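Okay, so here's the structure we're looking at.
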Number of protein chains: 2
Amino acid sequence: MSISSRFAVGIHILTLLEVNKDEVNSSEFIAASVNTNPVVIRKIMGMLKKAELVNVRPGVAGAELARKLDEITLLDVYKAVEAVPENELFSVHGNPNPQCTVGRNIQAAVLPIFAGAQAVMEKALAHVTIEDIVQSIEEQDKQIE
Amino acid sequence: MSISSRFAVGIHILTLLEVNKDEVNSSEFIAASVNTNPVVIRKIMGMLKKAELVNVRPGVAGAELARKLDEITLLDVYKAVEAVPENELFSVHGNPNPQCTVGRNIQAAVLPIFAGAQAVMEKALAHVTIEDIVQSIEEQDKQIE
DNA sequence: CTACATGTAACTAAATTAATTACAAGATAA
DNA sequence: TTATCTTGTAATTAATTTAGTTACATGTAG
């Protein structure tokens, strides 16, 4: 299956908090930009808050980034919103037959390869920050007219 | 969500076809090694066949590899079993608000990054062949005793 | 023809996702 | 304090996917 769109929405939210930092970023306002329900935003925001990427307070309208733009990587967001369960990008079938050569060794053979593939993917995400996204978006928007 | 375990099972199957190549590899036999239902194996086998990785014939017991060991990469298997839908590892929320700077640019900003992360992951899989897995398994099995 | 294997359709239970309703609890201004 | 708005969160829903299972049609070989 695909990685949850919570990841893309999380990036959207953080980017919006910066681009729209002079206004009040309520969950309703953000939901209008993402085009979803405010509760969905609040749920994701809760995860971003738990990861200390944003500041939100109960009862107080609006949220802010909790770190500098260039200190939030896409990997931070990816982990924060649990884009993938228990850090396992690949799933492996359980209980292969231990009486079979392949069965009793397949997991040990495959796990390090999966871990490696996951690692290079995560490293790619770690090299991009919200600042990069903000720049990219402002650059693109100029050219739209 | 995690990538379907069909991927790990597909690797298991192909490896078993090699390690057990002197015997008849029926779906029932393979299912016993994977520890699942023979129909699950036949379904995955159908996908591997469509990708021309194995030879199977209706009514005839047993399957064989359709290529040399070192000409089947894990990426081939990954694609064959559709470990991920429509080649999209990451999903992106649809219809963000075009009246918002972030809304109308977020997809264009995020897609190339997602594509890059997916590409490096797939490249890691492309560097490993079934031959590597077979070797790794036989190596490990010696040390079990 | 018989016996057995593959190919497939159909159904199931479980898990996850995203959306939604409803409401409790916190904060602020009048 | 009260009224109002917001966040936090529980509960429900429909849709999708997964892995497993039953049932059976089709193909092959002896």
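Naming: A, B, ... by sequence-line order, numbering from 1 per chain. Fair warning: this is a prediction, and the values are worked out from it, not measured in the lab.
- Between Ser26(A) and dC5(D), a side-chain N or O to OP1/OP2 separation shorter than 4.0 Å is absent.
- Leu125(B) is not listed as a side-chain neighbour of Thr73(B), based on a closest heavy-atom distance of 4.5 Å or more.
- Rounded to a whole Å, the CD1 atom of Ile41(A) is 15 Å from the P atom of dT6(D).
- Proximity of Thr36(B) to the phosphate of dG20(D): a side-chain N or O atom is located under 4.0 Å from OP1 or OP2.
- Using a 4.5 Å cut-off on side-chain heavy atoms (C-beta onward), Met47(B) and Leu53(B) make no contact.
- Each of Gly59(A) and Ser4(A) lies near DNA chain C, and the nucleotide nearest Ser4(A) is the one positioned closer to the 5' end.
- Contact check for Val84(A) versus Tyr78(A): side-chain heavy atoms found under the 4.5 Å cut-off.
- OP1 or OP2 of dT6(C) has at least one side-chain nitrogen or oxygen of Ser27(B) nearer than 4.0 Å.
- Lys43(B) has no side-chain polar atom (N or O) that falls below the 4.0 Å cut-off from OP1 or OP2 of dA9(C).
- Candidate nucleotides dA19(D), dA18(C), dT21(D) were compared by shortest atom distance to the side chain of Ser5(B), and dA19(D) ranks first.
- Heavy-atom distances to DNA chain C give each of Arg57(A) and Arg42(A) a nearest nucleotide, and the one nearer the 5′ end belongs to Arg42(A).
- For the pair Ile3(A) CD1 and dA18(C) P, the interatomic distance rounds to 12 Å; values are reported in whole Å.
- Distance from the side chain of Val60(A) is smallest to dA27(C) among dA27(C), dT21(C), dA19(C).
- The interatomic distance linking Ile44(B) (CD1) with dT6(C) (C1') rounds to 15 Å, in whole Å.
- If you take NE2 of His93(A) and C1' of dG20(D), they are 15 Å apart, rounded to a whole angstrom.
- Summarising the geometry, the separation between NZ on Lys50(B) and C1' on dT6(C) is reported as 17 Å, rounded to the nearest angstrom.
- Donor-acceptor pairing under 3.5 Å is lacking for the side chains of Gln135(A) and Glu139(A).
- Rounded to an integer number of Å, the gap from CD1 of Ile13(A) to P of dA18(C) is 12 Å.
- For the pair Met47(B) CE and dA19(D) P, the interatomic distance rounds to 10 Å; values are reported in whole Å.
- Few gaps surround CD on Glu71(A); more than 12 heavy atoms of other groups in view lie less than 6.0 Å from it.
- For Arg6(A), taking side-chain heavy atoms from C-beta onward, the closest of the listed nucleotides dA18(C), dT21(C), dA9(C) is dA18(C).
- A straight line from CG of Asn37(B) to P of dT6(C) spans 13 Å, rounded to a whole angstrom.
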